[in-house]
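Report on one structure; see the data block that follows.
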2 protein chains.
Amino acid sequence: MILKSQVEWALHCCAILAGLPEGRYLSTKALAEFHGLPKEYLSKALQSLSQAGLVHTTLGPSGGYRLAKAPAELTFLDIVEAVEGKARTFVCTNIRANNPCRAPGYCESTPCAVARIMWEADEAWREKLRNVRLSDLIEILSKEIPADLMKRTFGWVLERAG
Amino acid sequence: MILKSQVEWALHCCAILAGLPEGRYLSTKALAEFHGLPKEYLSKALQSLSQAGLVHTTLGPSGGYRLAKAPAELTFLDIVEAVEGKARTFVCTNIRANNPCRAPGYCESTPCAVARIMWEADEAWREKLRNVRLSDLIEILSKEIPADLMKRTFGWVLERAG
DNA sequence: CAAAATAGGGATATTTGTTATCCTTAATAG
DNA sequence: CTATTAAGGATAACAAATATCCCTATTTTG
Ligand code: SF4
Ligand code: SF4
């Protein structure tokens with residue numbers, strides 16, 4: 001069970017978009033080139049972000065993506081769920097229904113303990129992601145990434161931002 | 001990203017094995033019949049449990065599986081990792097290495113903040129599973145499952161346990 | 001207005017992972 | 001010896017992730 005690579009891509013793209021000046025947009029082409037990713041496929045991830053309302057888009061030359069909210073209002077969970085979906089990672093196929101000892105008509109009303117425990121763990125994962133904001137990431141990165149690389153990257157993006 | 005159905009199977013099988021009297025074994029055939037699962041494929045899940053040292057096996061007629069430890073010494077994480085693997089659910093493909101602004105030889109020593117945050121969430125999921133013991137599950141089930149069904153199930157298993 | 005660039009989305013191929021079956025081997029109980 | 005079992009290799013069927021291609025509507029730029 002491994003998350004799609006689109007999750008990684010989306011997180012990185014959001015980090016870049018967070019550094020974009022107010023009112024400017026960055027295209028799929030630029031984001032793909034910057035990360036060395038296939039443009040057409042990265043586009044699908046960005047469309048997921050768009051459908052989830054996390055980013056805003058414009059068409060035409062100088063078009064592209066910008067964040068729809070402030071980085072402090074965007075959580076990791078928002079981004080992860082946008083591309084990975086909101087479905088729980090443990091699916092119950094109700095195999096207890098096959099127990100040959102059960103009365104024929106007998107039907108459990110509630111999900112059994114196995115499923116509930118697995119879902120709690122799933123929720124713990126989500127809760128952790130919910131408590132990290134995009135702004136938290138930016139803060140960490142700004143401390144860890146060398147100043148000159150940060151500056152060059154910022155310049156690279158601005159040259160291409162419409 | 002969805003866990004394999006083998007995870008559900010393994011958890012259910014362990015729950016059944018936990019009710020097995022000391023020194024007796026239950027075969028793949030019985031476990032598959034009880035849960036309505038394909039015997040050959042369930043066998044792969046049980047082999048995973050065996051390789052992880054969670055269950056003990058014997059060969060021959062009256063052979064099969066029993067738990068290798070007391071239910072209080074077996075956690076959900078043990079079982080989940082036995083079939084699903086211990087690898088983290090977020091894999092980092094190091095796309096930051098493609099940043100065209102980086103100096104050619106520049107190489108990050110540590111995983112970036114994105115990966116660390118995702119791995120923390122993964123660890124929170126595992127921590128939750130680590131804190132639930134198989135004995136906890138049995139306790140909950142014994143309260144929730146009707147006494148007569150419990151009794152019939154127990155009898156069904158004993159009839160087939162070698 | 002015309003041309004170029006863009007996001008959106010449908011269709012489709014490729015690759016990988018999951019699910020499932022089959023068969024052989026070695027061990028064990030009766 | 002015979003029947004039964006776990007272990008594991010080989011392989012097929014199926015589903016999901018990854019990737020590419022192409023068409024459309026929209027918008028900026030010239
Ligand atoms: S996890 Fe629980 S609810 Fe889901 S199939 Fe198993 S017994 Fe049923
Ligand atoms: S998550 Fe971090 S370490 Fe992993 S590829 Fe992205 S930037 Fe690199």
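Just so we're on the same page: letters track the sequence lines, and every chain starts at 1.
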Strand contacts (DNA chain D) in residues 37-48 of chain A, 4.0 angstrom heavy-atom criterion: Pro38(A), Glu40(A), Tyr41(A), Lys44(A)
Sugar-phosphate, base or nothing in reach of Tyr65(A), heavy atoms under 4.0 Å: sugar-phosphate
Check: Thr93(B)/Glu8(A) side-chain N/O donor and acceptor closer than 3.5 Å: yes
Shortest non-hydrogen contact from Cys13(A) toward Leu42(A): SG-CD1, 3.9 Å
From dA29(C), dT19(C), dT18(D), nucleotide with atom closest to Ser5(A) side chain: dT18(D)
Nucleotide dT28(D), atom P - distance to NZ of Lys29(A) in whole Å: 18 Å
Backbone N/O of Leu46(A) and side chain of Ser50(A): donor-acceptor pair under 3.5 Å: no
OP1 or OP2 of dA7(D) under 4.0 Å from side-chain N/O of Ser50(B): yes
Backbone N/O of Pro111(A) and side chain of Arg116(A): donor-acceptor pair under 3.5 Å: yes
Rounded distance (Å) that lies between atom C1' of dT18(C) and atom NZ of Lys4(A): 16 Å
Separation of dA5(C) C1' from Glu33(A) CD (nearest whole Å): 15 Å
Donor-acceptor pair between Thr75(B) and Asn131(B) side chains, under 3.5 angstrom: no
Qualifying residue for salt bridge (charged side-chain N to carboxylate O under 4.0 Å, His left out) with Glu123(A), from Arg130(A), Lys86(A), Arg88(A): Arg130(A)
Between P of dT29(D) and OH of Tyr25(A), the distance in whole Å: 13 Å
Selected nucleotide, minimal atom distance to Leu59(B) side chain, candidates dA27(C), dA20(C), dA7(C): dA27(C)
Exercise: do Gln47(A) and Ser43(A) side chains pair donor with acceptor under 3.5 Å: yes
First of Trp9(A) and Ser62(A) reached from the 5' end of DNA chain D, by closest nucleotide: Trp9(A)
Ile2(A) CD1 - dT18(D) C1' separation (whole Å): 14 Å
Side chain Arg152(A), main chain Cys101(B), donor-acceptor under 3.5 Å: yes
Leu3(B) or Pro61(A), whichever maps to the more 5' nucleotide of DNA chain C: Pro61(A)
Side-chain ion pair, Arg66(B) and Glu22(B), N-O less than 4.0 Å: no
For atom CG of Leu49(A) and atom P of dG9(C), their distance in whole Å: 13 Å
Net bend of the helix from dC1(C)-dG30(D) to dG30(C)-dC1(D), end axes of five pairs each, nearest 10 degrees: 20°
Identified side-chain contact (heavy atoms from CB on, under 4.5 Å) partner of Leu54(B) from the options Leu17(B), Leu134(B), Ile79(B): Ile79(B)
Short side-chain N/O contact from Thr57(B) to OP1 or OP2 of dA6(D), under 4.0 Å: no
Touch class at under 4.0 angstrom, heavy-atom based, for Gly162(A) against every strand present: nothing
Integer-rounded Å distance: dT19(C) C1' and Ile95(A) CD1: 15 Å
Rounded distance (Å) that lies between atom P of dT6(C) and atom NE2 of His56(A): 17 Å
OP1 or OP2 of dG8(C) under 4.0 Å from side-chain N/O of Gln51(A): no
